[in-house]
Structure formats: structure tokens, C-alpha cells
Amino acid sequence: MEKGTEKNQSESSDFVKQITKKSDDFSRWYVDVIKKAELADYSSMKGIMVIRPYGYEIWELIRDQLDKMFKETGHRNAYFPLFIPESFLKKEAEHVEGFAPEVAWVTQGGHEELEEKLAIRPTSEAIICSFYAKWINSWRDLPVLINQWANVVRWEKVTRPFLRTTEFLWQEGHTVHATYEEAEEETLRILDIYTTFCEKYLAIPVISGLKSQSEKFAGALKTYCIEPLMPDGRALQAGTSHNLGQNFAKAFNIRFENQNQELEYAWQTSWGVSTRLVGAVIMVHGDDSGLILPPKVAPLQAVIVPISRGNWKETVLPEAQALFQELKKNGFRVYLDDRDTYTPGWKFAEWEMKGVPVRIEIGPKDIENKQLVLVNRLNRDKCFVKRDEVTAALEKLLEEIQQRLLERALDFREKNTHEAFNYAELMDVFDNRKGLVRAGWCESNQCEIKIKDAAAATIRVIQDKKDERFKRCSVCGAEAKHTVLFAKSY
RNA sequence: CGGGGCGUAGCGCAGGCUGGUAGCGCAUCGGUUUUGGGAACCGAGGGUCGGAGGUUCGAAUCCUCUCGCCCCGACCA
């Protein structure tokens with residue numbers, strides 16, 4: 001009767017959606033999905049977020065799988081202190097300089113001013129190296145292959161849930177080796193683990209390769225990284241693996257006696273991935289209806305929605321419970337949504353928003369026909385399966401979805417990877433298209449800076465193998481030493 | 001650190017110009033009917049209007065200061 005009611009009715013379709021369309025405003029979509037799917041919540045402190053159970057469960061699945069892969073390659077977990085004395089951090093000059101702008105400091109304990117202020121670790125090279133100096137004496141002590149799962153703090157100016165937060169969770173591997181070659185081998189082994197993990201488990205294809213000198217980790221000799229392409233055309237640095245050379249060994253005096261009875265500085269690596277991976281999963285796979293989780297890292301792979309009509313609690317519910325038990329016993333992560341406060345339609349929308357890959361509907365008609373309805377989150381395709389064949393059917397569908405997500409992401413990347421043979425072509429891509437640009441590079445820092453200034457884009461990776469078609473540096477025209485991929489990034 | 005936007009119920013917002021009982025939708029709680037794509041109706045609860053100061057008989061509203069958050073750019077996983 002009043003204006004308010006009319007307005008509400010005319011806009012009811014918008015209220016149903018509740019989240020911004022991915023194509024309308026990618027940033028808002030991203031934040032909407034995170035909030036509505038209850039992955040994370042903002043705290044009252046800037047840039048500091050809470051990872052809620054559903055979001056944390058994704059991280060746990062990521063963590064558990066990676067942990068397994070690290071252990072399979074001989075790594076062991078340990079835990080080092082959260083605090084790093086200032087003097088430790090200062091030992092490696094480049095390292096300090098690189099991290100100084102974003103370190104949080106503790107200057108007081110209780111009512112006492114500290115004699116030496118303590119950094120809250122932005123990364124743990126400094127504290128870990130100080131211990132390695134004590135633990136390593138002989139070539140027989142090597143290699144040391146340690147990983148830690150921890151939180152770190154970086155006082156970033158601009159933050160975004162999962163992608164860049166003041167405090168975040170990650171793993172950081174810190175290894176020590178007797179030779180450069182071994183360290184390099186380790187660096188690449190981890191890069192390979194990251195690449196495999198992203199593609200096989202997260203269904204996110206990544207480009208891996210070397211960073212340029214200006215983009216490498218502060219204190220490293222070489223930094224390798226994995227870079228997936230996001231739907232808005234920007235690249236995301238999703239993981240890094242550094243060959244530290246002897247830089248930290250020299251700064252922290254990590255020496256060992258080799259087989260020739262000579263004292264030698266050790267060779268080190270460090271590598272990490274963070275909760276940023278959760279952000280990548282959200283961005284790469286989600287759609288206008290919300291999240292889409294790859295089955296391998298979905299906290300719930302299937303949700304059972306009993307169709308509630310009439311005396312459903314006596315008829316449908318027991319069947320649904322039996323199905324739930326059966327699927328659970330067979331190792332699926334499954335949930336039975338038996339709430340009677342919501343209608344089936346509401347539940348459908350809810351679980352789609354939360355990205356559950358498969359919905360299983362069971363109603364009176366299904367029970368009568370000894371069948372179930374399996375619904376694919378990707379396209380809402382429904383298929384009827386025989387009740388006693390559900391395990392095999394679900395397994396197959398989950399595999400299909402996992403595979404399809406990777407294909408879809410790969411296809412998007414192919415369509416958004418361009419080539420530029422000269423400056424005009426390079427700028428044309430930045431101005432008129434989006435995505436990655438493959439181009440030649442002369443290896444000079446000036447050319448990197450020029451592109452950064454002109455297009456806010458950087459070299460994301462230097463390709464492993466030079467592509468001979470790119471004979472000239474696309475910026476200055478000099479002879480190309482490498483083939484690189486440029487992109488705007490997060 | 002620059003540019004923009006915004007702080008009013010758990011969430012999303014209106015009200016502000018022109019000072020005078022603090023509102024709407026969603027959510028929540030109770031009830032009835034429903035339930036195969038976000039159900040309907042009836043009823044109820046919930047607020048120091050970001051904070052401080054000022055003007056005024058009276059401030060969510062006007063003035064001054066301040067704090068915080070979000071988005072877009074320069075730096076980083």
C-alpha cells in the first residue's frame with residue numbers, strides 16, 4: 001500500500017540474487033561471495049580478517065594435501081618463533097630493505113620497554129637461519145629439509161580478503177644444501193609440486209617460471225613463481241620458490257665442513273604458498289550464483305536436499321539419512337540438509353552460492369522409482385541415477401566437474417594470452433585487451449620500468465625456454481635475451 | 001601515500017537541504033498454512049543515528065574537529 005512495499009516488489013528479483021554479478025563488478029562480486037558464502041569476515045581492525053569455518057575448511061584441505069606432498073619428498077615440519085629480534089632481521093641487507101616498509105614491531109612487554117625491539121615475522125628466513133647456524137656443522141648434516149605452517153604479518157597499505165591481508169596463513173619451507181645444484185634442484189622440485197597441486201587439486205592452470213631481478217624475493221639469488229590468470233585479466237602470484245644461494249648463509253654464518261675438510265657456506269632455498277590460494281579458487285571458478293569449489297578442495301562435495309512435502313519426515317527423511325550414511329562411509333564429504341525452516345528452493349540457491357559441486361535431491365517420486373537426482377553445480381544439469389548406483393555416479397560426476405573446471409580455466413587463459421613483437425603491439429594489448437602478453441625482453445631493468453610506468457604491468461615470469469619468434473625486445477627493440485610474460489597483477 | 005565513496009537495528013538502506021515522536025526491506029523470534037528453484041499471512045523484539053565539542057528550548061539533521069571502513073591507483077604472497 002505504501003511506496004516502500006511497491007518498490008520492494010519491483011526489485012524483488014535483485015533481492016533474490018543478493019550478490020553482485022561477476023561480470024558487472026568483479027571486485028564487489030568477490031567480496032560479496034566471500035561474505036555470503038561465509039568464508040571470511042572483516043574485523044574491526046583494518047585489513048585483518050577472520051577466516052570462518054567454511055573458508056578455513058578449504059584451507060585445511062589445501063594444507064593437508066600440500067603437507068602430504070612435502071612429506072613425500074622428504075620434508076619435515078617444525079615451528080619457529082613468531083618474534084624476530086631486530087638485529088637478526090638486519091643481518092641480510094637486501095632482505096631488511098625489502099621487508100622494512102611492512103614489518104610490525106613489538107617495542108613493549110607488559111609495562112617494560114624492550115631493550116631490543118622484536119619484529120613480528122613477515123617471513124622467517126632470519127630466525128630460522130639463526131638456528132641453522134647452530135645446527136649445521138658437517139656435510140653429513142645436510143640436506144636440512146624443514147617446513148613450517150605459520151601465520152605471518154605484513155603491514156600492507158591496501159588489503160583484500162585472502163589476497164592480501166595484514167596477517168595471513170602460509171607454509172614456508174626452508175632448506176639447506178651442500179651445493180648450488182642441489183639447492184636449485186630443490187627449488188625446482190617445489191615449483192613443480194606447486195604447479196601440480198594447483199592444476200590437479202585447485203583446477204587452476206598456472207604459468208611457472210623465473211622472476212626478473214627487480215621482482216625477485218628480497219635476499220634471494222633467484223625466485224621462481226607460479227602465476228595463474230584471474231578472470232579480470234590480472235595475474236596473481238600464487239606461490240614462490242626461491243634459490244637463496246649463499247646470501248643468507250653468509251649473513252648468518254651457516255657453514256659446514258665438506259668432504260674435502262674445507263669450511264664452506266651452505267646453499268639454501270625457501271618457498272611458500274598462502275591462504276591467497278583460497279582467493280584464487282574463489283576468483284577463477286565462481287560465477288554469478290556464487291562460489292564453485294573444485295571437488296578435491298570442497299569441504300562439502302555433495303549436499304543432500306530432501307524434498308519436504310507432506311509427511312516427509314516419516315517418508316523421505318529416513319531414506320535421505322540412509323543415503324547420507326552410505327556416502328559418508330564411502331569417503332565423500334557430504335551433508336544432509338534436513339532443516340525444516342527452509343524450502344527446497346531456498347536450499348538449492350544457498351548451496352549453489354556456497355559452491356558445493358553436486359546437489360542430490362531425494363523426494364517421494366524418487367523413492368518410488370528407486371532413483372536420485374544429481375545436479376551439477378556448473379550447469380545445473382540434472383541426471384537421474386539408480387539408487388544403488390549412486391556411489392559410482394557421484395564419483396564420476398565429481399571427477400567430471402574437477403576436470404571441466406580445469407579445462408574452463410585453461411581455455412580462458414588461452415583466449416587471454418596475447419603476443420607482442422614490438423612496443424606498439426605491447427601497448428595495444430594493455431590498452432585494449434586484458435590478460436597475459438608474451439613478448440621478447442632484452443633483460444634491462446629500464447625496459448621493465450618503462451612498461452610499469454606506461455601500463456602498470458610487470459614481467460610476471462621469464463619463460464623457461466626462449467621462443468625464437470621473439471627476436472627483439474618488445475620495449476626497446478634490442479636483441480631479445482628472453483621470452484617473458486607481461487601482465488597487470490594483484 | 002594520492003583519488004573517490006560511506007558510517008543510522010544483525011545486514012542493506014531512507015530520513016538530512018527546511019532542526020520537533022527514528023523509519024523501510026531483509027534477517028531474527030512466536031503462530032498458522034506451506035515446501036521438486038530463494039513461500040504467504042498475522043504478531044513481536046531489536047537503536048546511546050561512528051566519536052568529541054559547539055549552536056539551540058530542542059540536533060541523526062546545522063557548524064568545527066576527529067576516528068574508522070570500503071573501492072580505484074603507487075608497493076607486496
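Throughout, protein chains are lettered first and strands after them, A, B, ... in sequence-line order, and every chain is numbered starting at 1. Note that the structure is predicted; figures quoted are calculated from it, not measured.
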A/Ile307 side chain, from C-beta outward: closest of B/C76, B/G36, B/G37: B/G36
Residue met sooner reading RNA chain B from 5', once A/Lys35 and A/Tyr490 are mapped to nucleotides: A/Lys35
Under-4.0 Å salt bridge between A/Asp337 and A/Arg339: yes
B/C69: pairing nucleotide in any strand, Watson-Crick or G-U under 3.5 angstrom: B/G5
B/U56 and B/G19, which share atom name C1', separated by this distance in whole Å: 9 Å
Sugar-phosphate only, base, or nothing, as touched by A/Pro364 at under 4.0 Å among non-hydrogen atoms: base
Separation of B/C72 P from A/Lys157 NZ (nearest whole Å): 17 Å
Whole-Å distance separating the CD atom of A/Glu38 from the P atom of B/G10: 17 Å
Heavy-atom pair with the smallest gap, counting every atom of A/Pro228 and A/Leu236: CD-O, 2.8 Å
Whole-Å gap separating C1' (B/A77) and CD (A/Glu125): 12 Å
Interatomic distance, A/Lys488 NZ vs B/A74 C1' [rounded to whole Å]: 14 Å
Separation between the P atoms of B/A52 and B/U48, rounded to whole Å: 12 Å
Pair A/Glu86 + A/Lys90, salt bridge at N-O below 4.0 Å: yes
Sugar-phosphate only, base, or nothing, as touched by A/Gly272 at under 4.0 Å among non-hydrogen atoms: nothing
Whole-Å P distance, B/G53 and B/G45: 33 Å
Atom P, compared across B/C17 and B/G12: separation rounded to whole Å: 25 Å
Sugar-phosphate only, base, or nothing, as touched by A/Arg160 at under 4.0 Å among non-hydrogen atoms: sugar-phosphate
A/Arg28 side chain near B/C72 phosphate (N/O to OP1/OP2, under 4.0 Å): no
Sugar-phosphate only, base, or nothing, as touched by A/Ser308 at under 4.0 Å among non-hydrogen atoms: base
Reported CG-to-NE2 distance for the pair A/Asn147 and A/His174, which is rounded to 0.5 angstrom: 8.0 Å
Minimum-distance nucleotide to A/Tyr342 side chain [options: B/U28, B/G37, B/A77]: B/U28
Row check, A/Phe348 ring normal vs A/Arg359 NZ/CZ: under 6.0 Å, within 45°: yes
Distance between C1' atoms of B/U28 and B/U64 (Å, rounded): 40 Å
Identity of whatever pairs with B/C41 - Watson-Crick or G-U, under 3.5 angstrom: B/G31
Gap between atoms CG and P, on A/Asp338 and B/U35 respectively (whole Å): 19 Å
Residue mapping more 5' on RNA chain B - nearest nucleotide basis, A/Phe162 or A/Lys382: A/Lys382
Sugar-phosphate, base or nothing in reach of A/Phe168, heavy atoms under 4.0 Å: base
Touch class at under 4.0 angstrom, heavy-atom based, for A/Asp366 against every strand present: base
Complementary nucleotide of B/G10, counting Watson-Crick and G-U pairs under 3.5 Å: B/C26
Heavy-atom side-chain proximity of A/Glu215 to A/Thr223 below 4.5 angstrom: no
No-H, no-angle donor-acceptor pair, A/Arg164 side chain to B/C76 base, under 3.5 Å: yes
N or O in side chain of A/Lys452 less than 4.0 angstrom from B/C75 OP1/OP2: yes
Base-pairing assignment for B/A59 (Watson-Crick or G-U wobble, both under 3.5 Å): none
Salt bridge present between A/Arg121 and A/Glu172 (N-O < 4.0 angstrom): no
Residues A/Glu186 and A/Arg189 bridged, charged N to O under 4.0 Å: yes
Nearest-Å distance once atom P is located in both B/G20 and B/G4: 31 Å
Atom-pair distance (CH2 on A/Trp155; C1' on B/C1), nearest Å: 17 Å
Nearest listed nucleotide, side chain of A/Gln237, among B/C71, B/G38, B/A77: B/A77
Touch class at under 4.0 angstrom, heavy-atom based, for A/Val305 against every strand present: nothing
Closest to side chain of A/Pro344, choosing from B/C75, B/U35, B/C72: B/U35
Sugar-phosphate, base or nothing in reach of A/Leu277, heavy atoms under 4.0 Å: nothing
Sugar-phosphate only, base, or nothing, as touched by A/Val273 at under 4.0 Å among non-hydrogen atoms: nothing
Strand partner of B/A74, provided both Watson-Crick or wobble distances fall under 3.5 Å: none
Sugar-phosphate, base or nothing in reach of A/Glu361, heavy atoms under 4.0 Å: base
A/Lys211 with A/Glu227: basic N within carboxylate O range, under 4.0 Å: yes
Touch class at under 4.0 angstrom, heavy-atom based, for A/Thr159 against every strand present: sugar-phosphate
Atom P, compared across B/G23 and B/A9: separation rounded to whole Å: 14 Å
Nearest-Å distance once atom C1' is located in both B/G50 and B/G68: 7 Å
Among B/C75, B/G73, B/G38, the nucleotide that comes nearest once only the side chain of A/Ala349 is considered: B/G38
Spacing between A/Glu368 atom CD and B/G36 atom C1', to the nearest angstrom: 14 Å
Spacing of A/Arg234 atom CZ relative to B/A77 atom P, expressed in whole Å: 15 Å
Residue-phosphate contact under 4.0 Å: A/Thr343 side-chain N/O, B/U34 OP1/OP2: no
